[in-house]
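This report concerns only the one structure given below.
Any value given below was found using the heavy atoms of this structure, including those in side chains, with hydrogens, waters and symmetry copies removed.
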Amino acid sequence: MNTRRRERIIDEVEAASWLEDGMTIAIGQPTPMALVRQIIRRGLKNLTVVDAGFSLDLLIAAGCVRKVITYYAGGGFGIPVMPAFRHAAELGEIEIWECEEGILCAGLQAAAQLLPFLPWRGGVGTSLPEVNPDLKVFTDPIKGETLLAVPPIKPDIALLHAATADMYGNVQHYGGPGWIDLFMYRAADRTVVQVERVISNEQVRADPWKTTIPAADAIVRAPFGAHPFYSRGFYVQDNEHLREYSSLSSDFAAGRTEGMTMYLERYCRRPPTHADYLEEIGIKRLLSLHEY
Amino acid sequence: MNTRRRERIIDEVEAASWLEDGMTIAIGQPTPMALVRQIIRRGLKNLTVVDAGFSLDLLIAAGCVRKVITYYAGGGFGIPVMPAFRHAAELGEIEIWECEEGILCAGLQAAAQLLPFLPWRGGVGTSLPEVNPDLKVFTDPIKGETLLAVPPIKPDIALLHAATADMYGNVQHYGGPGWIDLFMYRAADRTVVQVERVISNEQVRADPWKTTIPAADAIVRAPFGAHPFYSRGFYVQDNEHLREYSSLSSDFAAGRTEGMTMYLERYCRRPPTHADYLEEIGIKRLLSLHEY
Amino acid sequence: MDDYSIPELMAVCLARDLRDGELLRVGVATPVAEAAVRLAHLTHGPNMELVFLGARMNVAHLDTIPMPAFGWDSRAVRWAESYSDTGHRFDRLKDWSNSVFFIGGIQVDPFGNTNLIGVGSDFRRLRFRGPGSVGTATLSTHVGRYYIVLNNHNRRLFVEKCDYISAYGWGSGGADARSRIGIPGGGPKYCITPLCVMDFAEDSKRMRLKSLHPGVKLETVKQATGFELLVPDILPTTEPPSAQELQILRTRVDPSGRLRRG
Amino acid sequence: MDDYSIPELMAVCLARDLRDGELLRVGVATPVAEAAVRLAHLTHGPNMELVFLGARMNVAHLDTIPMPAFGWDSRAVRWAESYSDTGHRFDRLKDWSNSVFFIGGIQVDPFGNTNLIGVGSDFRRLRFRGPGSVGTATLSTHVGRYYIVLNNHNRRLFVEKCDYISAYGWGSGGADARSRIGIPGGGPKYCITPLCVMDFAEDSKRMRLKSLHPGVKLETVKQATGFELLVPDILPTTEPPSAQELQILRTRVDPSGRLRRG
């Protein structure tokens, strides 16, 4: 008989061992980059990813992705569309399950509530049901209105980043969770959350309303784990690093692949752990990303 | 041009002036009793109430209610069903829109999301769609499963109780909001929240995730406003008072109406303000209801 | 060891059937179920999670988990680690297969369907108006299993057919009674009363005696039940509380003796 | 007063149309709209609420509301009073009739339908893959009104027919283009570009010139638009920023001069 409460802290290598080729993986915001890099390090293939922006682009460039469930692949830094995503999409190398923020929420919530669909009005009149035939236009059974029926979007695993958690998987954010993170958590079979800091269970119980994810399956310690993105309450985005990536990604899409190969090698594949990655970035750069 | 931000604090008399005979009123948990007593004081009639337990019973006994949207009218103190509710229901004096917690959530959420219905599985196989024909059994358009279609439940106004709010209507609870309160807030045309204490806007901004209701239409200062119920972080339930009420209510249902008439007169109709009600209860009793 | 009350026996019996790691949802005014989850948490459930008033907690580290100092006391949130489903009670039904629930009723039929709506043929003029369904239609649809826990055992309660069904158990019977209408939860496992424990036959899902409480006669149960109960060839006696179980129950769960008086 | 940039003119023009008490939702990478809501908040919107990155705030009390120190900087939450819809972004669509939004596009048609999906006849092999719809399908369905804000004005952008529609504006036209398919929001009000402001004719809901920016010729706009624009009999010039507006914009909203360079 196990007489103690089970602790849920594991490292990023063990967390990534839960993943397999072909799985559906939801990636939250701010991006759990330590886990994303671990996916690339493991060389996973044929993933379906529910993702947006930079991490989506990086996973595509690294060859991990077969299918994308996304509402946005914009870039920033004057790049309206992430280059590796755009390139792969235009060549038909990835399949795109076209959706939109409200539709994505409805699909994740349908999965969370074990419903075969949820109705949604946003998207009626648009091309979305035409380019994504899984979205069915239907007539509601009560008032006869025209709506979209959104089927469940059911990730095998959700990978999220947060400020803090206790050793039992109670996650508390600073400054709120990413807008889609709780939907991903509710819909996914399992949830792994990387955190800046592990706090005591007593700290969690001092403010239980702050607990945003009550029972993550695993917690991974990952200080600076969202780098090059921000983590509210800890550090801001590393714009210099992201600008550099954007330029490499544009080159990659244009057939000049060397820079991207080096980036993936240097930052994702070679460092055996997250700590080694941080060493590569350098403590000076990291400390320069202070919040205020 | 108004150059200042509008403040939203009003008193309970002004709040009750927003109500009219025949309206649909959602009443949260813990119960906003200062506002409920004000409804009785005003002698409102033919209300449809989304409510449960004690306040539902009291409003029925006071003759304010025509229709009840409820999932639970239990009592406590060994009384499985609230007496005035039971009596009025058995005589057919009130109409009951029979539902259940999950169905109530779905109906309120449909209203909040401007959807003609939301699907729900809980209730399939039960008598609920038979006793409440507004709940339609239908076949889902994607997988052909049998579900209930729950139509919108749309209150004209939600009356809620909370720990604190700032003068701009940002509400923060201690120990979480009542389980149904946020659904009521999202579905109702307007929301009035009575609070134990008004706090500064700076206090709100120090922890914005704690804000449970971002823009209540009005805030009513009502210390001890949930009495005889609890208010987390402030006081516990006044069991003595509730036990006394339960006995009066049972007498009332059995035709011995005098005690209830006196109760309504003494606690609801005669005190012109919430402060006068508290005077009637007495400061000693109130201070004895400390939390720890 | 026969110095125990019937509610104590029922609580111990339920506690033994709860497994570590489960999420236990306890409804209003069910002291036997409340005691059962606390007892199980202390004896063999360090990874159980208890949900009271929407507050989710693990309190195995407490020396005592008294009643009613929490449960239906608003101060229960003192121990909370979070609110069930982040304040949005039905947002994570997917995970409810790991949840356990306890249900009451004003009528129960041979297939474990239960009624909290009322008694009488005309819904607009019920002979007895019940309290309403609370969350039981949704809970009974989704939880991994549930227990029907009753404080009485008589023919008004155990009826051939409920006037209304507020929680679907095994419908009109059959092992596929739930799956054929797409209901995912595991359904009622046991029905426990002051007289006996009943389960549901594997094939027909009709209610069947499982054990008689010490001192109770089969004939008594049959006469108190308004439909024909299946009776197995071997009918054991409900195993009484052990000395250790009783000690934990009385000193750490129910020191004020609520269940002893009940 | 002609010392202003085109983005400054556009921001001032939008700001004037925003009303106190409205909730302003600004999407990613739209500096003109970001500046507009801040300017309006300071000049005539003490009860406006601004939503950036899900953080809802009222910051009229601040001396300056600089860009980009918030908006797309995660530190924006410093000023938050709550998260939009308590972290559940689409739980209160009912109230979105009081919301205003700003939308971009890679194609816009005569009825204000917009495309963020891509260009090309084969969706599986687009000639240009766009960024995706973000939240615009839902926003354009529910907000009280929205503005189409574009940094360019050319025939690739203004097309007779979008290859794909990601946000439904006025469909195929007519005053009932939205109501007849049950879409509650008020639809696109203006389309603003570096050349002009356009609205939608009351009856046909076809795009119509409303004003030309100072110095812009009608012929220039016509040639840069891939469909026939309605032109009113009286075609005014867009009113330039006042000295006061420019001063507030430059000293309190955009001190670093992002819009001047743009």
task: Pick whichever of D/G54, D/A55, D/S166 has the most heavy-atom pairs under 4.5 Å with chain A.
output: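 So the answer, after comparing D/G54, D/A55, D/S166, is D/S166.
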query: With respect to chain A, which residue among D/A177, D/P131, D/G132, D/G185 yields the maximal number of heavy-atom pairs within a distance under 4.5 Å?
result: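 The residue among D/A177, D/P131, D/G132, D/G185 with the greatest pair count is D/P131.
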Which answer fits [X], side chain, backbone, both or neither, if we ask what part of it has an atom under 4.5 Å from a heavy atom of chain D?
X	result
A/I96	both
A/R121	both
A/E145	neither
A/Q237	neither
A/E93	neither

- request: Among A/E95, A/E130, A/E98, single out the residue with the greatest number of heavy-atom pairs under 4.5 Å to chain D.
  value: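 The candidate making the most pairs under 4.5 Å is A/E98.
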May I ask you to test the [X]-[Y] pair for a side-chain heavy-atom distance under 4.5 Å?
X	Y	value
D/Y168	A/V124	no
D/F90	A/W120	yes
D/F128	A/V81	yes

Can a donor-acceptor pair be found, under 3.5 Å and without considering hydrogens, that links the side chain of [X] to the backbone of [Y]?
X	Y	value
D/R129	A/H87	no
D/R125	A/L91	yes
D/Y83	A/G175	yes
A/T126	D/A167	no
A/E100	D/A137	yes

query: Run the salt bridge (Lys or Arg N to Asp or Glu O under 4.0 Å) check on A/E101 and D/R25 step by step: do they pass?
result: CA-CA 14 Å; A/E101 290 181 2; D/R25 297 174 186 270; over 6 Å; no
query: Should D/V77 and A/Y174 be marked as a side chain to side chain contact (heavy atoms under 4.5 Å, CB included) after you check the CA-CA gap, both sets of side-chain angles, and the distance that decides it?
result: CA-CA 10 Å; D/V77 299; A/Y174 291 172; over 6 Å; no
Spatial distance of atom CD1 (D/I165) from atom CG (A/L128) [nearest 0.5 Å]: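 Rounded to the nearest 0.5 Å, the CD1-CG separation comes out at 10.0 Å.
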message: So, taking the atom named OH in A/Y230 and the one named CZ in D/R75, what distance separates them when rounded to the nearest 0.5 Å?
response: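 Rounded to the nearest 0.5 Å, the OH-CZ separation comes to 12.5 Å.
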